[in-house]
Amino acid sequence: RGRKWVGRDLLFFAEDSEYVKKKYGGYFGVFVKMLGEEGETWDMYRVAAGDFPDDGEIVHYDGFVITGSCNDAHGNDAWICKLLNLLKKLDSMKKRVLGICFGHQILGRALGGKTGRAISGWDIGVRTVHLSPSSKLLGSLTMPSLMSVIECHQDEVRELPPKAEVMAWSKKTGIEMFRYGDHIMGIQGHPEYTKDILLHLIDRLLQRNFITETYANEVKASADAQEPDREAWKKLCTSFIKGRL
């Protein structure tokens with residue numbers, strides 16, 4: 001039997017759009033395509049709907065991925081409080097955990113940091129981040145010092161958890177990546193996104209009046225001019241969650 005992995009699926013806007021379901025099999029399919037390898041089992045828990053693994057299930061998993069969500073990581077909904085407790089338990093068990101966007105933020109909060117609305121507002125598009133040359137987790141990989149990643153967030157990790165290390169930053173966001181020990185890593189951007197997913201999300205945000213048409217057009221234009229380093233991010237995320245770093 002192959003190793004078991006869990007994709008803990010907190011989806012942007014809480015549910016798959018018809019577009020992503022039709023083209024990618026939902027966001028779960030997007031993540032498994034990026035991180036999955038032969039012989040593995042990936043399961044999904046929709047924790048925003050109250051679907052949590054119990055203690056007996058947790059022990060069978062080698063890695064956990066907390067994905068994006070339209071919910072605020074600084075909120076106090078019952079499921080968010082339950083998730084915070086679960087993440088603290090995973091930390092105490094030294095389980096490997098990768099957090100993406102909301103997952104990055106909720107990990108920061110669970111471990112003692114602070115999250116909230118980004119002072120600089122929405123960050124949407126393809127952004128260049130600076131990777132720390134001294135990062136322990138990056139030391140075993142041949143990674144470029146600059147990497148482009150798709151971003152779509154209005155919240156951020158404002159203060160690192162104690163003993164955490166900044167792994168990457170950008171002009172827009174001071175904590176683009178962090179690590180906590182050797183078993184927890186957070187990434188503010190979306191390594192799993194393709195450009196068409198980004199453009200689709202921009203249209204959804206515009207339709208819901210979260211962003212203006214002027215801003216949406218600016219973001220689309222800038223996205224056309226830059227490509228995300230998807231293969232490099234895939235290598236980094238896969239190496240981390242599989243314990244190869």
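Every value quoted in this text rests on a predicted model; they were computed, and no experiment measured them. Along the sequence shown, residues carry numbers from 1.
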Asks: Examine L160 and I119 and state if one hydrophobic cluster contains both, with Ile, Leu, Val, Met, Phe, Trp and Tyr joined whenever side-chain heavy atoms are less than 4.5 Å apart.
Replies: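 No: no chain of side-chain contacts under 4.5 Å links L160 to I119.
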Asks: Are K242 and E37 close enough for a salt bridge, meaning some N to O gap below 4.0 Å?
Replies: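 Yes, charged N to carboxylate O under 4.0 Å.
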Asks: What residues, two or more places apart in sequence or in another chain, satisfy salt bridge (charged side-chain N to carboxylate O under 4.0 Å, His left out) together with K171?
Replies: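 With neighbours one apart ignored, the set is empty.
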Asks: Are any of the side-chain heavy atoms of W79 and N71 separated by less than 4.5 Å?
Replies: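 SC-SC contact between W79 and N71 confirmed.
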Asks: So which pairs with a foot in residues 72-89 pass salt bridge (Lys or Arg N to Asp or Glu O under 4.0 Å), sequence neighbours left out?
Replies: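 Listed once each, the pairs are D55-K89, D72-R117.
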Asks: Report yes or no: do Q226 and S148 form a side-chain donor-acceptor pair below 3.5 Å?
Replies: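 Per modelled atom types, Q226 and S148 side chains form a pair under 3.5 Å.
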Asks: Among all residues two or more places apart in sequence or in another chain, which pass the salt bridge (charged side-chain N to carboxylate O under 4.0 Å, His left out) test with E57?
Replies: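 Result, salt bridge (charged side-chain N to carboxylate O under 4.0 Å, His left out) vs E57: none returned.
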Asks: Taking only residues two or more places apart in sequence, or in another chain, which ones meet N76 in a side-chain hydrogen bond (donor to acceptor under 3.5 Å, both in side chains)?
Replies: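 R109.
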Asks: Should the pair H190 and Y193 be assigned to parallel (<30°), tilted (30 to 60°) or perpendicular (>60°) ring geometry?
Replies: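 Ring orientation, 0 to 90° scale: parallel.
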Asks: Answer whether the closest heavy-atom distance between the side chains of C101 and Q188 falls below 4.5 Å.
Replies: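 C101 reaches Q188 side chain to side chain.
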Asks: Who passes side chain to side chain contact (heavy atoms under 4.5 Å, CB included) against S222, sequence neighbours left out?
Replies: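 With neighbours one apart ignored, the set is empty.
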Asks: Quick check for you: to the nearest 0.5 Å, what is the distance between M167 atom CE and I187 atom CD1?
Replies: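 Output value for this atom pair is 7.5 Å.
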Asks: Assess whether a salt bridge exists between E151 and K172, defined as any Lys/Arg side-chain N lying under 4.0 Å from an Asp/Glu carboxylate O.
Replies: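 Here E151 does not pair with K172 in a salt bridge, since their nearest N and O are not under 4.0 Å apart.
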Asks: Test of understanding: clusters of I, L, V, M, F, W, Y form through side-chain heavy atoms closer than 4.5 Å, transitively. Do F64 and M93 belong to the same one?
Replies: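 In one cluster: yes.
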Asks: Between T115 and D155, is any pair of side-chain heavy atoms under 4.5 Å apart?
Replies: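 Of all side-chain heavy-atom pairs linking D155 with T115, none is under 4.5 Å.
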Asks: I'd like to check the side chain to side chain contact (heavy atoms under 4.5 Å, CB included) partners of L199; sequence neighbours left out, ordered by chain and number.
Replies: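 L199: side chain to side chain contact (heavy atoms under 4.5 Å, CB included) contacts with I202, K220.
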Asks: CG/L98 to CG/L107 distance, rounded to the nearest 0.5 angstrom?
Replies: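 If I round to the nearest 0.5 Å, the distance is 8.5 Å.
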Asks: Which residues pass the ring pair (Phe, Tyr, Trp, His ring centres under 6.0 Å) test with F178, not counting sequence neighbours?
Replies: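 For F178 the ring pair (Phe, Tyr, Trp, His ring centres under 6.0 Å) partners, ignoring immediate neighbours, are H104.
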Asks: Kindly state each residue pair satisfying ring pair (Phe, Tyr, Trp, His ring centres under 6.0 Å) with at least one member in residues 154-174, sequence neighbours excluded.
Replies: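 Residue pairs with at least one partner in residues 154-174: H130-W169.
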Asks: Not counting sequence neighbours, which residues clear salt bridge (charged side-chain N to carboxylate O under 4.0 Å, His left out) with D224? List them please.
Replies: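 Partners of D224 under the salt bridge (charged side-chain N to carboxylate O under 4.0 Å, His left out) test: none.
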Asks: Does the pair K195/E227 count as a salt bridge with the N-to-O cut at 4.0 Å?
Replies: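 E227 and K195: salt-bridged.
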Asks: Could you list the residues that satisfy side chain to side chain contact (heavy atoms under 4.5 Å, CB included) with K234, not counting sequence neighbours?
Replies: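 By the side chain to side chain contact (heavy atoms under 4.5 Å, CB included) rule, K234 matches M34, E231, T238.
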Asks: Applying side chain to side chain contact (heavy atoms under 4.5 Å, CB included), can you list everything that pairs with S134, at least two apart in sequence or on another chain?
Replies: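 Partners of S134 by the side chain to side chain contact (heavy atoms under 4.5 Å, CB included) criterion, ordered by chain and then number, come out as S132.
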Asks: Which residues satisfy the salt bridge (charged side-chain N to carboxylate O under 4.0 Å, His left out) test with R179, sequence neighbours excluded?
Replies: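 R179 satisfies salt bridge (charged side-chain N to carboxylate O under 4.0 Å, His left out) with E165, D182 once adjacent residues are dropped.
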